[in-house]
Amino acid sequence: MIEFVLDGRSKVNTYMQLVQQVKQALRVGLLVPGDQLPKVRDVAQSLAINPNTVLKAYRELEIEGLAEGRPGVGTFVRRSLAGASLPNQAELRADLVAWLHRAQAAELTPEDIIALVETTMRATLPVEAPPQNATSAG
């Protein structure tokens, strides 16, 4: 089961942090269709947030077709976001864990690691082109 963590310094709304964490878990196969998300009350208590915030996150997941609420039972995953790359992720994750241990030994903070990863991704990976406008101004 997923365990939510909030970043109090993030500019991302609390409910969107929950949505993002569910989506990440779906991408890496930690959550699969049929899995139950934690009960709203339990999430609200463990994170010390309003239950309506959790409900808003779960509603967003329902709107996106990723989850479905079953009255009196809970909220369940409807579909996965894991792609064809999922089988390759275990080996890559092991490499990443080793790299993170090296980064920690080099005394990088979590913020340093995030900055290094994000700037390296921007410099290395191709940027998706924005969608072309079907009509041209003229």
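Side-chain atoms of Thr119 come within 3.5 Å of backbone atoms of Leu116 as a donor-acceptor pair (strictly under, hydrogens ignored). A donor-acceptor pair under 3.5 Å is absent between the side-chain atoms of Glu62 and the main chain of Thr75, judged by distance alone. Between the side chain of Asn13 and the backbone N or O of Tyr15, no donor-acceptor pair lies under 3.5 Å. Checked by atom type and distance alone, the side chain of Asp95 never pairs as donor or acceptor with a backbone atom of Leu92 at under 3.5 Å. Looking at Gln17, its side chain does come within 3.5 Å of a backbone N or O of Asp7 through a donor-acceptor pair.
Around atom CD of Glu111, more than 12 heavy atoms belonging to other residues, nucleotides or ligands sit under 6.0 Å away. Enclosure of atom CZ in Arg93 is not indicated, since only 12 or fewer non-hydrogen atoms of other residues, nucleotides or ligands lie within 6.0 angstrom.
Neither Phe76 nor Leu30 shares a network with the other; the hydrophobic side chains, linked directly or stepwise wherever heavy atoms of I, L, V, M, F, W or Y lie under 4.5 Å apart, form separate groups for each. Following chains of ILVMFWY side-chain contacts shorter than 4.5 Å, one cannot reach Val19 starting from Val28, and the two form parts of different hydrophobic clusters. Leu31 and Val73 fall into different hydrophobic clusters, where Ile, Leu, Val, Met, Phe, Trp and Tyr side chains are chained together by heavy-atom contacts under 4.5 Å. A continuous path of Ile, Leu, Val, Met, Phe, Trp and Tyr side chains, each step under 4.5 Å between heavy atoms, connects Val117 with Leu96, placing both in one hydrophobic cluster. Clustering ILVMFWY residues whenever any of their side-chain heavy atoms sit less than 4.5 angstrom apart, transitively, puts Val5 in a cluster other than the one holding Leu26.
Note: Leu18 CG to Leu47 CG = 6.5 Å, rounded to the nearest 0.5 Å. Separation of atoms CG (Leu61) and NZ (Lys23) is listed at 7.5 Å; rounding is to 0.5 Å. The NZ atom of Lys56 sits 11.0 Å away from the CG atom of Asn50 when rounded to the nearest 0.5 Å. One finds the CZ atom of Phe4 at 12.5 Å from the OG1 atom of Thr14 (value rounded to the nearest 0.5 Å). Atoms CD and CG, on Glu60 and Leu66 in that order, are 9.0 Å from each other to the nearest 0.5 Å. Distance check, rounded to the nearest 0.5 Å: CD1 of Ile113 to CD of Glu118 gives 12.0 Å.
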For Val22 and Ile2: C-alpha separation, side-chain torsions, deciding distance, then whether side chain to side chain contact (heavy atoms under 4.5 Å, CB included) applies. CA-CA 8 Å; Val22 169; Ile2 189 170; 4.2 Å; yes

Let's go through Asp35 and Val32 carefully: what are the C-alpha distance in whole Å and the side-chain angles of both, what is the deciding distance for side chain to side chain contact (heavy atoms under 4.5 Å, CB included) to 0.1 Å, and is it a yes or a no? CA-CA 6 Å; Asp35 285 350; Val32 297; 3.5 Å; yes

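Counting all heavy atoms, side chain and backbone alike, Pro71 lies closest to Gly69 at CD-O, 3.8 Å. Scanning both residues, Arg78 and Pro33, for their nearest heavy atoms gives O-CB, 3.6 Å. Nearest heavy atoms, Pro51 versus Val40: O-CG1, 3.6 Å. A pairwise comparison of heavy atoms in Arg79 and Glu64 identifies NH2-O, 3.3 Å as the closest pair. Residues Arg27 and Gln89 approach most closely at O-NE2, 3.5 Å, considering heavy atoms.
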